[in-house]
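No hydrogens, no waters, no symmetry mates; every other heavy atom, side chains included, goes into these values.
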Amino acid sequence: MDELEALQTIGRLIKEERLAQGLSQVQLAKQAGTAIKTVRTLESGTRRTQEINQRKLEHALGWRAGSMSEVLKGKSSFAPDQITPDDMRNSGEPRQYPGPHVTVPAAPIARASHLSDEELLAELTYRMMHRNRG
């Protein structure tokens with residue numbers, strides 16, 4: 001599976017799950033603690049997002065941590081058109097994924113002091129990059 005196909009698969013899965021939960025894009029973004037633009041971009045299937053945002057959305061959707069990365073890296077055992085939102089959910093066994101471990105809190109973060117150093121750095125980097133673009 002190439003990257004564009006993987007991105008489109010992720011977008012389709014997010015939209016399917018969001019609609020199944022009866023959420024708008026705005027509601028999902030708020031529940032996940034991400035920008036609405038992040039949800040729209042992912043659902044369009046045209047661009048990646050930061051790993052921290054993937055983790056936040058996975059948590060908000062009730063998906064297994066790292067499930068988006070699994071699809072994006074071609075590690076899914078299913079063909080792109082056969083992957084369902086249920087395949088992205090938590091399984092009975094905890095899985096280990098390569099890369100940094102990021103714990104996403106159950107509720108949106110109100111204070112920076114509630115973030116880990118890694119999460120805070122990712123958020124600050126993201127904000128600085130987007131502030132400097134405009």
Side-chain angles (χ1 to χ4, degrees):
M1 163 176 3
D2 66 18
E3 184 171 358
L4 181 58
E5 192 174 31
L7 289 170
Q8 290 171 344
T9 298
I10 291 293
R12 174 183 57 81
L13 292 168
I14 291 172
K15 185 173 184 178
E16 283 179 26
E17 184 66 28
R18 176 179 60 78
L19 294 174
Q21 292 185 22
L23 299 172
S24 68
Q25 288 181 332
V26 172
Q27 290 170 319
L28 176 58
K30 189 172 187 173
Q31 186 174 321
T34 64
I36 179 64
K37 184 178 178 182
T38 300
V39 174
R40 287 185 182 142
T41 299
L42 282 171
E43 281 193 10
S44 73
T46 55
R47 293 181 53 195
R48 284 182 179 250
T49 188
Q50 291 183 332
E51 198 167 318
I52 184 75
N53 289 327
Q54 288 178 20
R55 296 292 179 268
K56 289 178 179 181
L57 285 164
E58 287 166 346
H59 182 74
L61 294 169
W63 291 355
R64 170 178 78 251
S67 57
M68 284 191 209
S69 291
E70 197 175 83
V71 173
L72 290 168
K73 293 177 182 177
K75 293 183 178 181
S76 174
S77 56
F78 300 99
D81 59 339
Q82 296 176 340
I83 300 172
T84 68
D86 287 337
D87 298 323
M88 306 292 277
R89 293 194 196 296
N90 291 326
S91 63
E93 300 176 14
R95 296 185 182 193
Q96 296 296 321
Y97 296 94
H101 175 70
V102 177
T103 303
V104 179
I109 306 257
R111 297 178 166 201
S113 62
H114 295 142
L115 294 171
S116 70
D117 290 345
E118 194 173 75
E119 292 167 325
L120 184 58
L121 182 58
E123 184 65 26
L124 290 172
T125 301
Y126 176 82
R127 289 181 184 209
M128 292 300 293
M129 287 174 48
H130 285 81
R131 188 185 83 183
N132 292 334
R133 288 184 184 171

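- Across all non-hydrogen atoms, the minimal contact from Leu42 to Ile14 is CB-CD1, 3.8 Å.
- The two atoms that bring Glu17 and Pro85 nearest to each other are OE1-CB, 3.1 Å, heavy atoms only.
- Counting only distance, with no hydrogens or angles, the side chain of Glu58 and the backbone of Gly66 share a donor-acceptor pair below 3.5 Å.
- Taking all atoms of both residues into account, the shortest heavy-atom contact from Lys15 to Glu43 is CA-OE2, 3.6 Å.
- Taken to the nearest 0.5 Å, the CD atom of Gln8 stands 11.0 Å off from the CD atom of Glu3.
- With contacts defined as side-chain heavy-atom distances shorter than 4.5 Å, the pair Lys56/Asn53 qualifies.
- Note: Leu28 CG to Leu19 CG = 10.0 Å, rounded to the nearest 0.5 Å.
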Could you walk me through whether Thr41 and Thr49 satisfy the side chain to side chain contact (heavy atoms under 4.5 Å, CB included) test, starting with their C-alpha distance in whole Å, then the side-chain angles of each, then the deciding distance to 0.1 Å, before giving a yes or no?
CA-CA 8 Å; Thr41 299; Thr49 188; over 6 Å; no
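- Here the straight-line distance linking atom CZ of Arg55 with atom OG of Ser67 works out to 8.0 Å at 0.5 Å rounding.
- Side-chain atoms of Leu13 and Met68, non-hydrogen and from C-beta on, never get closer than 4.5 Å to each other.
- Judged by distance alone, with hydrogens and angles left aside, the side-chain atoms of Gln21 form a donor-acceptor pair with the main-chain N or O of Leu61 at under 3.5 Å.
- For Ser69 and Glu51, the side-chain atoms include no donor-acceptor pair closer than 3.5 Å.
- You'll find the side chain of Ile10 reaches within 4.5 Å of the side chain of Met88, heavy atoms only.
- Rounding to the nearest 0.5 angstrom, the gap separating the CD1 atom in Ile36 from the CD atom in Gln25 is 5.0 Å.
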Go through the steps to decide whether Thr38 and Leu57 satisfy the test side chain to side chain contact (heavy atoms under 4.5 Å, CB included), and finish with yes or no.
CA-CA 9 Å; Thr38 300; Leu57 285 164; 4.2 Å; yes
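- Between the side chain of Gln31 and the backbone N or O of Ala60, at least one donor-acceptor pair lies under 3.5 Å.
- Here the shortest heavy-atom pairing between Gln54 and Leu72 reads NE2-CD1, 3.6 Å.
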